[in-house]
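A quick write-up on the structure given underneath.
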2 protein chains.
Amino acid sequence: MENRHAVTDRDVVKHLIKRLARIDASDGWRADLNPAQRAALDYLSRANRFSRQPSHLASYLGSTRGTVSQTLKSLAAKGYVEAVTPGSDKRTIAYQLTESGRKLATTSDLLSESLDQLSAGSLRDIATQLRHVLGAAIHTNRQKPFGLCKDCTYFQPKNGNGHCRLLNEELGVFERDQICHEQLPRSAGASATSA
Amino acid sequence: MENRHAVTDRDVVKHLIKRLARIDASDGWRADLNPAQRAALDYLSRANRFSRQPSHLASYLGSTRGTVSQTLKSLAAKGYVEAVTPGSDKRTIAYQLTESGRKLATTSDLLSESLDQLSAGSLRDIATQLRHVLGAAIHTNRQKPFGLCKDCTYFQPKNGNGHCRLLNEELGVFERDQICHEQLPRSAGASATSA
DNA sequence: CGATATAGAAGCGAGTCGAAACTATTGCAA
DNA sequence: TTGCAATAGTTTCGACTCGCTTCTATATCG
């Protein structure tokens with residue numbers, strides 16, 4: 001009623017996210033990486049052993065196999081990742097961080113520093129709200145959630161560790177907090193095998 | 001205490017923002033634009049008449065004059081923006097949207113659609129929280145806020161319209177909701193002329 | 001078997017990116 | 001007034017992203 005040109009909360013949020021992402025991207029040129037390489041490094045540092053193939057990264061980034069293939073190649077040339085050939089399926093290849101890659105992936109970035117200036121309560125609130133946004137975006141875009149192993153329908157506590165009922169694999173403690181391309185959020189409508 | 005590998009809220013928020021930005025970027029290839037061109041188009045659609053020069057866009061994006069110069073050139077080649085030469089200072093140039101550019105800038109994107117699935121209350125909460133995050137990031141990165149004209153220290157209501165006390169210019173109604181490279185948030189520590 | 005699907009990679013062309021060099025102005029100061 | 005540093009924009013460079021198409025190997029299913 002006040003004026004026809006008023007900015008809606010939706011647009012405010014949209015611009016806030018986009019601007020934040022832009023600033024973070026411009027910060028992504030630290031060291032000798034670019035934002036895409038940094039994203040790949042970051043993904044590999046969080047992905048569990050079932051989720052480290054080029055196609056998984058492409059799916060996570062909403063990109064293509066061809067594109068991430070090149071990004072991983074340049075990361076390998078710089079010595080931050082290395083290819084490992086897994087077992088059964090000879091078409092696949094997996095990438096893992098090298099020691100220097102691991103070190104680089106854990107260095108703090110601008111976004112972390114900015115977020116550190118907020119209170120614990122604020123962070124928890126933002127996390128809750130943004131989860132809804134990301135959930136909506138993922139649903140709209142028909143993407144996979146790539147959530148944490150421990151929040152998965154197929155995750156089953158076992159002794160101190162865990163067990164994946166989908167892949168029928170034993171899981172170490174640290175793997176509970178890694179992301180998985182097969183993850184199906186427990187809270188969501190879990191209609192079993194679709195993945 | 002529960003486990004040493006637990007993911008902090010800070011990292012959750014960081015990953016949520018980054019993933020959201022990635023998905024939005026992959027969506028930014030609609031029409032015949034790429035994400036950078038889309039960002040430039042979006043900026044120009046919201047910038048007031050004092051803020052449409054390449055250097056302003058570079059500052060907003062945390063990029064360089066050289067880079068945005070090329071982006072604007074390709075946007076001009078596609079007919080979405082056109083250069084206009086302003087008055088006094090012959091070094092400067094300003095870009096404005098063409099009719100087709102304006103049309104393209106107002107088409108809804110993935111992020112808008114996702115946000116539309118949230119309640120008004122949620123959107124208002126997220127906006128409040130993200131403003132803090134962006135504020136911190138801008139401060140850390142020593143960037144300008146690029147806030148709305150009406151939220152500026154130099155903004156003065158005048159009749160139904162407004163007046164800028166910094167540039168000593170009259171402002172139309174619609175200009176109150178545009179972003180300005182000179183904006184100094186009213187709430188922040190406004191120590192006058194620094195800009 | 002063979003058809004088809006899938007994983008990864010290579011090549012293409014447009015374009016981004018920071019960095020540095022370059023041009024044209026402007027403003028300031030000796 | 002002349003000189004010179006600061007500023008705005010552009011150009012060029014090399015590395016790289018990106019979607020796209022094609023290619024090669026393997027898998028899978030009928």
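Sequence lines set the chain letters: A, B, ... in the order given, protein chains first and strands last, and positions in each chain run from 1. Note that the coordinates shown come from a computational prediction; the quantities given were computed from them, not determined experimentally.
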Give one of base, sugar-phosphate or nothing for R22(A), where a contact means two heavy atoms less than 4.0 Å apart. sugar-phosphate

In sequence, state the C-alpha distance, the side-chain angles, and the governing distance for Q96(A) and L44(A), and then conclude on side chain to side chain contact (heavy atoms under 4.5 Å, CB included). CA-CA 6 Å; Q96(A) 59 184 210; L44(A) 286 179; over 6 Å; no

Is S55(A) close enough to dG8(C) that one of its side-chain N or O atoms is under 4.0 Å from OP1 or OP2 there? yes

Can you check the L41(A) CG to dC16(D) P distance for me, whole Å? 15 Å

So, is S63(B) close to the dG18(C) phosphate, meaning a side-chain N or O under 4.0 Å from OP1 or OP2? yes

dG15(C) P sits how many Å from R38(B) CZ, rounded? 14 Å

May I ask you to check whether D125(B) and T128(B) show a side-chain donor-acceptor distance below 3.5 Å? no

Interatomic distance, D32(B) CG vs dG13(C) P [rounded to whole Å]: 19 Å

So what does T92(B) hit on the nucleic acid, given a heavy-atom distance under 4.0 Å: a base, only sugar-phosphate, or nothing? sugar-phosphate

Is the shortest side-chain N/O distance from Y95(A) to OP1 or OP2 of dG8(C) below 4.0 Å? no

Do the ring planes of H181(A) and F146(A) sit parallel (below 30°), tilted (30 to 60°) or perpendicular (above 60°)? tilted

Could you check D89(B) against R91(A) and say which one's nearest nucleotide on DNA chain C is further toward the 5' end? R91(A)

Just to be sure I understand the rule, does T85(B) reach a base, reach only the sugar-phosphate, or reach nothing, if contact means heavy atoms closer than 4.0 Å? nothing

What is the distance, rounded to the nearest whole Å, between atom CD of Q37(A) and atom P of dT16(C)? 18 Å

Sidechain-backbone polar pair: T153(B) side chain, L184(B) backbone, donor-acceptor under 3.5 Å: yes

Is a donor from one side chain sitting under 3.5 angstrom from an acceptor on the other, for Q178(B) and S51(B)? no

So what does Q53(A) hit on the nucleic acid, given a heavy-atom distance under 4.0 Å: a base, only sugar-phosphate, or nothing? sugar-phosphate

Could you verify whether a donor N or O on one side chain and an acceptor N or O on the other, from R22(A) and Y43(B), lie under 3.5 Å apart? no

Respond yes when some side-chain nitrogen or oxygen of T67(B) is under 4.0 Å from OP1 or OP2 of dC17(C), and no when none is. no

What does the inter-axis angle of the helix from dC1(C)-dG30(D) to dA30(C)-dT1(D) come out as, five pairs per end, nearest 10 degrees? 10°

Please give me the minimum heavy-atom distance between C149(A) and F155(A), naming the atom from each residue. O-CB, 3.2 Å

Between R65(A) (CZ) and dA10(C) (P), how many Å, whole number? 14 Å

Rounded to whole Å, CG of L33(A) lies from C1' of dC17(C) at a distance of 14 Å

Assign T71(B) to base, sugar-phosphate, or nothing according to its heavy-atom contacts below 4.0 angstrom with the strands shown. sugar-phosphate

